[in-house]
2 protein chains.
Amino acid sequence: MGGMKALSYSKGVIVSQSSQQITMQDIATQSGVSLSTVSRVLNGSENVSQEKQAAVMAAVEALNYRPNVFAQGLARGASRTVGVLTQHISAPFFDAILDGVLAGLRGTGYSPLFADGLWRADREERSIQLLLDRQVDGLIVLGGATSNCFLREIAAQKPLVLVGRVVPELTHQSVLFDDFKGAYLATQHLIELGHRQIVHITGILEHEDALLRKKGYLQALEDAGIPINDNLILEGNFVEQSGVLAVEMLFNRGQLFSAIFAANDQMAYGARLALYRRGIRVPEDVSLVGYDDLVHSAYTTPPLTTIHQPAFQMGEVAANTILGLIGGEQPEIAPFKAELIVRNSTARHR
Amino acid sequence: MGGMKALSYSKGVIVSQSSQQITMQDIATQSGVSLSTVSRVLNGSENVSQEKQAAVMAAVEALNYRPNVFAQGLARGASRTVGVLTQHISAPFFDAILDGVLAGLRGTGYSPLFADGLWRADREERSIQLLLDRQVDGLIVLGGATSNCFLREIAAQKPLVLVGRVVPELTHQSVLFDDFKGAYLATQHLIELGHRQIVHITGILEHEDALLRKKGYLQALEDAGIPINDNLILEGNFVEQSGVLAVEMLFNRGQLFSAIFAANDQMAYGARLALYRRGIRVPEDVSLVGYDDLVHSAYTTPPLTTIHQPAFQMGEVAANTILGLIGGEQPEIAPFKAELIVRNSTARHR
DNA sequence: CTACTTCTTGAAAGCGCTTTCACAGAATAA
DNA sequence: TTATTCTGTGAAAGCGCTTTCAAGAAGTAG
């Protein structure tokens, strides 16, 4: 029996033509064993005789049986799914992390479920709720604006891994950047090149990372004995346009400067454009440093000096950690360090 | 009854503390009606008296009941989920489309499920199978390398929308770019500026879009009476590095040219870098045109002349179409047209 | 040869929800 | 008044799978 469900073969993938799904019962009758035995060989959960095992596998093959994940999920109470909250599906840096997460999940039997938060606490919480509703077995949250309190509660009921987000009680399950150190390195690099009037275009200062980068910048100046000039610090919002605005502002004010450290590459691109429009050369007239080392930064003119963070690996680590957490292990996350990538947008101050 | 499941309230979102899920049965007993009645009010499927309706809603509220999607999916045979196959989670242009898809799905009760194909037929088919296994109600496929035959089979059993991918029988359910026209426009633009030696860096020529763009380029030349020079046509692979390689190649061969049309922006960036390294100015010495109008292209130095495609809207349309298809409607997709965006990377030939 | 494990197996009880069925009671028609 | 149609409702039967339980077969020990 069971042969009444029409099949068609194509490139090795067999597709059931009738929308009628093939169930375990079908393969049970087809191979002459009980439902439970089929389940056992499929899950390798218990001993099953060689012959029956073979019979079942043959039937599975022949009928191209595919388990119904809903039924499995319902029966098991687990979904083999991990929720991933990103902020914006096309935010370059986060995408690189996502890539790593995908890679880390590949072949583990777990699939990712995405949702985006758009950096807004309410949307983020709604998205997380949505993921939870879909019975994810664990949750990876990239950055974001939700309250620590909310995240703590989530962590209390589900395996949770945070990426680039500091929540005091949850640091052991967080993949962290060293934003302070990175910004320090960037600024220090400019100082070593002889720059004194160093502009900093910050990120959105409500975000922890933007704040830390600013602190790194300030600390580097202080350590070099360079007085802080508030006129050189402009608040941006992490997207290109705010970089051009910042530079425009500087010119409008008649502010002198010889170098710019932008809190991310995208704003550095914007700054670059504003300088270009004014006919100011990089790095001859002004040195420029970004942050994130987006793929694109190696191809700007000139290629951008920036701070590299191993986004892909961080994603992988996040994936591995969440799997470990789901499996009941204690997480153990080695810290990632920021690294200065010197390209051609910085030069000695003349 | 039902009150024994501990709850905690936080910012309006109520989170069950015990991992014990609250089920419909809980709210049924809590509100003193039967399971079926609860289902009815939750789904609004049949008439229920005002009082019971209120009682149920109150209980739902009080216990913060959240339906179990697996149980729902199993019982309904539908998942309220649409699968989205993209090629690479961090491919800029596809991401913009994804963004549109997300926006189109938002608030419809349907959630997206992503998978990536990495432009390889085998991975793509595996990913599609994975989405199918997860019982998606419909499928949106962005580009890709799977056989037409495979896609036709999928279309036969599930609602399917193709984006940027031509399959003869399925054009009515495809969101299409006009690659030919776009490339024609780009090339024509260069010709009008007086260029004659126009390089074309193609995409991967196994891809339909790359082929069409090349055809558009050729046609524009032909229409202008400019002889085709095969030495000016180099095959790239859609990523930055292939753009630099192409230009390097040109120089190594001592090939003369005054303009470059790259089959996408990323390769144009690469070409730009190679020119920069040689000290060749854009657009004074060489004009450069890309394709896709990535966000970034407005911020390159100089800002890149390119072909714009309304990626976001296309994503939205794809989402709406798949929802319509799931609802049994006949799809009706208006064609999108490519548009030339003239920025500063092109100038009159001297 | 009996008594006690150990294997292998099928039956059956859920998992949480939707939906059909049947049945009161109310409303309408005759 | 009686016959007929609605309406609102609960019981119960699945959806396809996992897992517990119990039992027969088989192996080991005394």
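Treat the numbers as computed from the prediction; the structure is a model and nothing was measured. Just so we're on the same page: letters track the sequence lines, and every chain starts at 1. What's counted below: heavy atoms across the whole structure, side chains too, no hydrogens, waters or symmetry copies.
Atom CZ of A/Arg152 is separated from atom CG of A/Leu160 by 12.0 Å, given to the nearest 0.5 angstrom. The CD1 atom of B/Ile333 sits 8.0 Å away from the CG atom of B/Leu176 when rounded to the nearest 0.5 Å. Separating the NZ atom in B/Lys158 from the CG atom in B/Leu139 is a distance of 8.5 Å, to the nearest 0.5 Å. In this structure, CG in B/Leu42 is found 10.5 Å from CD in B/Gln53, a value given to the nearest 0.5 Å.
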List the steps, then state whether side-chain contact (heavy atoms from CB on, under 4.5 Å) holds for B/His88 with B/Leu118.
-> CA-CA 5 Å; B/His88 195 116; B/Leu118 306 180; 3.7 Å; yes
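Only one option out of A/Ile128, A/Leu131, A/Leu162 pairs with A/Ile154 in a side chain to side chain contact (heavy atoms under 4.5 Å, CB included); it is A/Ile128.
Remark: C1' of D/dC17 and CD of B/Gln135 are 12 Å apart, rounded to the nearest angstrom. What separates CG of B/Asn43 from P of C/dT20 is a distance of 12 Å, to the nearest Å. In this structure, the CG atom of A/Asp26 is 9 Å from the P atom of D/dC17, given to the nearest Å. Between the CD atom of B/Gln25 and the P atom of C/dG14 there is a distance of 13 Å, given to the nearest Å. The distance from atom CD of A/Gln21 to atom P of D/dG16 is 6 Å, rounded to the nearest whole Å. The distance from atom CD1 of B/Ile22 to atom P of C/dC15 is 16 Å, rounded to the nearest whole Å. Rounded to an integer number of Å, the gap from B/Leu42 CG to C/dT19 C1' is 15 Å.
A donor-acceptor distance shorter than 3.5 angstrom exists from the side chain of A/Ser79 to the backbone of A/Gln135, with no hydrogens or angles considered.
The closest side-chain heavy-atom distance from A/Leu102 to A/Phe114 is below 4.5 Å.
Within 4.0 Å (heavy atoms only), A/Val48 reaches sugar-phosphate atoms of the nucleic acid but no base atom.
Side-chain nitrogen and oxygen atoms of B/Asn47 include none within less than 4.0 Å of the OP1 or OP2 phosphate oxygen of D/dT7. Taking side-chain N and O atoms only, B/Ser39 has no distance below 4.0 Å to OP1 or OP2 of C/dT19.
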Can you pull every protein N or O that's under 3.5 Å from an N or O on nucleotides 10-13 of chain C?
| from | atom 1 | to | atom 2 | distance (Å) |
| --- | --- | --- | --- | --- |
| C/dG10 | OP2 | A/Ser34 | N | 3.1 |
| C/dG10 | OP2 | A/Ser34 | OG | 3.0 |
| C/dG10 | OP2 | A/Thr37 | OG1 | 2.5 |
| C/dG10 | N7 | A/Arg40 | NH2 | 2.6 |
| C/dG10 | O6 | A/Arg40 | NH1 | 3.3 |
| C/dG10 | O6 | A/Arg40 | NH2 | 3.4 |
| C/dA11 | N7 | A/Ser36 | OG | 3.2 |
| C/dA11 | N6 | A/Ser36 | OG | 3.1 |

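For DNA chain C, the neighbouring residues in residues 68-77 of chain B, judged by any heavy atom under 4.0 Å, are B/Asn68, B/Ala71, B/Gln72, B/Ala75, B/Arg76.
Taking the six-membered ring where the residue is Trp, B/Trp119 and B/Phe94 present perpendicular rings, their angle passing 60° and hence far from 30°.
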